[in-house]
Colleague: 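Have a look at this one.
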Amino acid sequence: MISAIKGAKDILPAESGKWRRLEAAVRERFRRANYGEIRTPVFEETALFKRGVGESADIVRKEMYAFEDMSGTSIALKPEMTAPVVRAYVEHKLGKSQPLVKAYYLAPMFRQERPQAGRQRQFHQFGSEALGSDAAALDVETIQLAYDLLRDLGLTKLDVKINSLGKPADRAKFVGELRAYLRDREDALSEDSRRRLDVNALRVLDSKDERDQQALDGAPKLADFLDEESRDRFAEVCETLDAVGVPYLVEERLVRGLDYYTETTFEIQSPSVGSQSALCGGGRYDNLVELLGGDPTPGVGFAAGIERILLALENENVAEEKTDKIDAYIVSLEKNPRVAYPVAVELRRAGFVAEFDYLGRSVKAQMREANRLEAERVIFLGGEEAERGEVSVKNMSGGEQTTLPRESLVNHLRETRSA
RNA sequence: GUGAGCGUAGCUCAGGUGGUUAGAGCGCCAGGUUGUGGCCCUGGAGGCCGUGGGUUCAAGUCCCAUCGUUCACCCCA
């Protein structure tokens with residue numbers, strides 16, 4: 001038996017409804033804020049991610065699904081969406097025809113990690129990228145859009161954490177001093193953090209290891225290295241978040257794993273999922289467009305993990321409304337699919353959701369099926385009514401049943417259709 | 001990549017110290033109602049006990065390997 005690739009999951013008909021509802025909510029929110037949908041290919045040149053996301057990020061260092069195509073070009077399934085969006089922005093010179101581009105996406109991503117709760121190898125993200133403005137209001141809009149959406153989906157336990165990474169030069173200065181500080185007490189660090197010291201010293205900050213957090217007491221603070229401009233704009237971000245009623249926590253040790261972030265970064269976490277608690281993460285990336293060959297253009301965006309959101313909704317017992325109901329189930333007393341099928345076609349062509357039995361099952365079984373499908377009504381075909389050219393229609397919630405001429409069935413259903 | 005747990009019916013799981021034809025609940029099918037659901041009752045179908053090897057008179061049960069899966073680390077959505 002061949003099964004799905006490790007870490008890739010089927011979304012079966014029974015569960016795709018909640019995906020469609022979530023996706024519809026996402027599209028609606030972005031529409032209201034005037035974001036246009038962007039769709040990019042599932043694969044890109046591997047070089048795009050190496051350059052855009054950064055060689056030190058794990059997602060490009062060891063987690064990419066990369067392969068060579070027939071021409072020998074290295075291709076990678078996209079592990080994240082910011083680099084592709086920026087690539088498309090530069091390639092199509094979108095900035096030339098309008099100064100500000102606001103785009104959203106909803107797409108599968110691929111990372112070759114060991115699966116666990118809230119983590120898959122193929123997973124789905126939605127998110128936004130806004131290119132062309134360095135306004136703090138745009139940072140806030142990004143955070144607020146993500147936060148409101150999660151709230152509206154029904155999640156109540158959300159922690160918004162924000163921080164500022166400042167400008168690359170300031171951050172580099174800080175990382176230098178942090179590394180020096182930690183080198184002096186390398187013995188006190190966890191093994192992982194000693195490795196991080198070389199690869200990406202910033203990551204020691206958000207280590208889960210007690211020893212690391214202790215060693216960090218008295219370490220240099222990133223905030224002290226920000227220039228005045230960065231400090232002012234971060235203050236403005238905080239004030240504006242207050243103004244639109246988004247609760248947040250300034251988390252000095254919040255660093256993000258992707259190299260392109262500058263200034264504002266944020267994460268929205270949920271205690272309702274496993275240890276992979278980040279439902280959403282994002283921030284500003286003011287140098288990325290230039291890095292990928294465009295004119296210097298500021299940008300800001302976020303990405304949210306759909307599987308994690310669904311997991312959080314499930315764990316918080318958020319009820320989902322059932323929408324895939326049946327208008328009419330056609331029961332054939334003759335137990336012959338041939339009899340019911342033309343009636344189903346007639347109803348379907350008239351716009352109703354109609355179903356019948358294809359298996360020649362007993363009337364009782366057909367009724368059970370109608371009940372299982374939560375059919376609003378059942379239409380009985382055959383018997384005495386058929387001899388008189390009539391059919392019977394039963395309302396499944398109340399149980400009342402009426403008999404009427406076969407020709408007036410569609411009209412009757414239309415007239416008595418419930419809202 | 002590292003560590004730990006778990007693989008028995010479609011699903012969720014029982015199966016002390018190895019010992020006859022491997023069980024339950026739910027689901028599915030049929031009947032109880034010559035043509036009517038939800039509740040109830042009766043019956044039925046459905047199992048290379050993940051795979052391979054080993055120990056033993058005897059393995060679902062013990063040992064080894066392997067694959068899969070889950071959770072955690074790492075990393076991140």
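Please read all numbers here as calculations on a predicted model, not as lab measurements. Here is how names work: the chains are called A, B, and so on, in the same order as the sequence lines, proteins then strands, and each is numbered from 1.
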Colleague: Do the side chains of A:R203 and A:D192 get close enough for a salt bridge, i.e. N-O under 4.0 angstrom?
Modeller: no
Colleague: What interatomic distance, in whole Å, is found between C1' of B:rA45 and the corresponding atom of B:rG3?
Modeller: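 Taking atom C1' in both B:rG3 and B:rA45, they lie 43 Å apart.
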Colleague: Go along nucleotides 70-77 of chain B 5' to 3' and tag each nucleotide: B for a protein heavy atom under 4.0 Å from its base, S when only backbone or sugar atoms are that close, - otherwise.
Modeller: -SBBBBBB
Colleague: So A:A365, base contact, sugar-phosphate only, or nothing? Heavy-atom distance under 4.0 Å.
Modeller: sugar-phosphate
Colleague: Under 4.0 Å between a side-chain nitrogen and a carboxylate oxygen: does that hold for A:R195 and A:D198?
Modeller: no
Colleague: Take atom CG of A:D357 and atom P of B:rG35, then tell me their distance rounded to the nearest Å.
Modeller: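 So the two atoms are 15 Å apart, to the nearest Å.
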Colleague: Check this one for me: any side-chain N or O of A:S362 less than 4.0 Å away from OP1 or OP2 of B:rG31?
Modeller: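 So the side chain of A:S362 is within the cut-off, an N or O lying under 4.0 Å from OP1 or OP2 of B:rG31.
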Colleague: Tell me what A:F302 touches on the nucleic acid: a base, only sugar-phosphate, or nothing, going by heavy atoms under 4.0 Å.
Modeller: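 The answer is nothing, as A:F302 stays clear of every strand by at least 4.0 Å.
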Colleague: When you measure only distances, ignoring hydrogens and angles, does the side chain of A:Q366 come within 3.5 Å of the base of B:rU36 through a donor and an acceptor?
Modeller: no
Colleague: For RNA chain B, write out the stems as range with range, using runs of 3 or more consecutive Watson-Crick or G-U pairs with both distances under 3.5 Å.
Modeller: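 Stem segments, range with range: B:1-7 with B:67-73, B:10-13 with B:23-26, B:28-32 with B:40-44, B:50-54 with B:62-66.
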Colleague: Looking only at atom P, what distance separates B:rC76 and B:rU17, rounded to whole Å?
Modeller: 46 Å
Colleague: Just the rounded figure in Å: distance from P of B:rG3 to CD of A:E191.
Modeller: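 So the CD-P distance, A:E191 to B:rG3, works out to 13 Å.
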Colleague: Using a distance-only test with no angle check, is there a side-chain donor-acceptor pair under 3.5 angstrom linking A:R151 and A:Y147?
Modeller: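 Per modelled atom types, A:R151 and A:Y147 side chains form a pair under 3.5 Å.
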Colleague: Could you state the atom-to-atom distance from CD of A:E15 to P of B:rC11 in whole Å?
Modeller: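 Between P of B:rC11 and CD of A:E15: 14 Å.
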Colleague: Please check if the number of heavy atoms outside A:F43 that lie under 6.0 Å from its CZ is greater than 12.
Modeller: no
Colleague: Hey, is A:R87 close enough to A:E44 for a salt bridge, meaning N to O under 4.0 Å?
Modeller: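 A salt bridge links A:R87 with A:E44.
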Colleague: Run the salt-bridge test on A:R119 and A:E113 with the 4.0 Å N-O cut-off and return the result as yes or no.
Modeller: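 Here A:R119 pairs with A:E113 in a salt bridge, since their nearest N and O are under 4.0 Å apart.
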Colleague: Let me know the distance between NZ of A:K6 and C1' of B:rG1, rounded to the nearest Å.
Modeller: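 That distance rounds to 12 Å.
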Colleague: Could you check which of B:rG35, B:rU69, B:rA30 has an atom nearest any side-chain atom of A:E385?
Modeller: B:rG35
Colleague: If we take the C1' atom in both B:rG27 and B:rU12, what is their distance in whole Å?
Modeller: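 Rounded to whole Å, the distance is 11 Å.
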Colleague: Spell out protein contact along nucleotides 41-52 of chain B as letters: B when the base is contacted, S when just the sugar-phosphate is, - when no protein heavy atom is under 4.0 Å; keep the 5' to 3' order.
Modeller: ------------
Colleague: Taking 4.0 angstrom as the limit, do A:E23 and A:R27 come out as a salt bridge?
Modeller: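 So A:E23 does not pair with A:R27 through a salt bridge.
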Colleague: Please give the distance between the P atoms of B:rG50 and B:rG16 as a whole number of Å.
Modeller: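 Taking atom P in both B:rG50 and B:rG16, they lie 15 Å apart.
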Colleague: With a 4.0 Å cut-off, would you call A:R406 and A:E346 a salt bridge?
Modeller: yes
Colleague: If the cut-off is 4.0 Å, is A:R361 near the phosphate of B:rC29, judged by side-chain N/O to OP1 or OP2?
Modeller: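 Yes, such a contact exists.
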Colleague: Charged N to carboxylate O below 4.0 Å: is that the case for A:R377 and A:D327?
Modeller: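 Salt bridge absent between A:R377 and A:D327.
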Colleague: Under a 4.0 Å N-O cut-off, is there an ion pair linking A:K394 with A:E376?
Modeller: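 Not counted as a salt bridge, because no side-chain N and carboxylate O are separated by less than 4.0 Å.
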Colleague: Within this structure, what is the CD-to-P distance between A:E369 and B:rG38, rounded to whole angstrom?
Modeller: 13 Å
Colleague: Check this for me, if you would: do A:R39 and A:E37 make a salt bridge, where the nitrogen-to-carboxylate-oxygen distance has to be below 4.0 angstrom?
Modeller: yes
Colleague: Measuring only the P atom in each nucleotide, how far is B:rG15 from B:rG19? A whole number of Å is fine.
Modeller: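 Their P atoms lie roughly 13 Å apart.
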Colleague: What distance, rounded to whole Å, do you find between the two C1' atoms, one in B:rC49 and one in B:rG7?
Modeller: 10 Å
Colleague: Between A:R368 (CZ) and B:rC26 (P), how many Å, whole number?
Modeller: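 Taking CZ of A:R368 and P of B:rC26, I get 14 Å after rounding.
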Colleague: Is the ring pair A:F302/A:F266 parallel, tilted or perpendicular, if the boundaries are 30 and 60 degrees?
Modeller: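 Answer is tilted, since the angle falls between 30° and 60°.
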Colleague: Using atom CG of A:L333 as one end and atom C1' of B:rG35 as the other, report the distance to the nearest whole Å.
Modeller: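 It works out to 5 Å between those atoms.
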Colleague: Could you tell me how far B:rC41 sits from B:rG5 if I compare only their C1' atoms? Round to whole Å.
Modeller: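 Straight-line distance between the two C1' atoms is 42 Å.
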Colleague: Using whole Å, what does the distance between atom C1' of nucleotide B:rG38 and atom CD of A:E374 come to?
Modeller: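 It is 11 Å, rounded to the nearest whole Å.
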Colleague: Considering only the C1' atoms, how many Å lie between B:rU8 and B:rA59, rounded to the nearest integer?
Modeller: 14 Å
Colleague: Between A:Y65 and A:F110, how do the two ring planes meet: parallel, tilted or perpendicular, split at 30° and 60°?
Modeller: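 It falls in the perpendicular class, over 60°.
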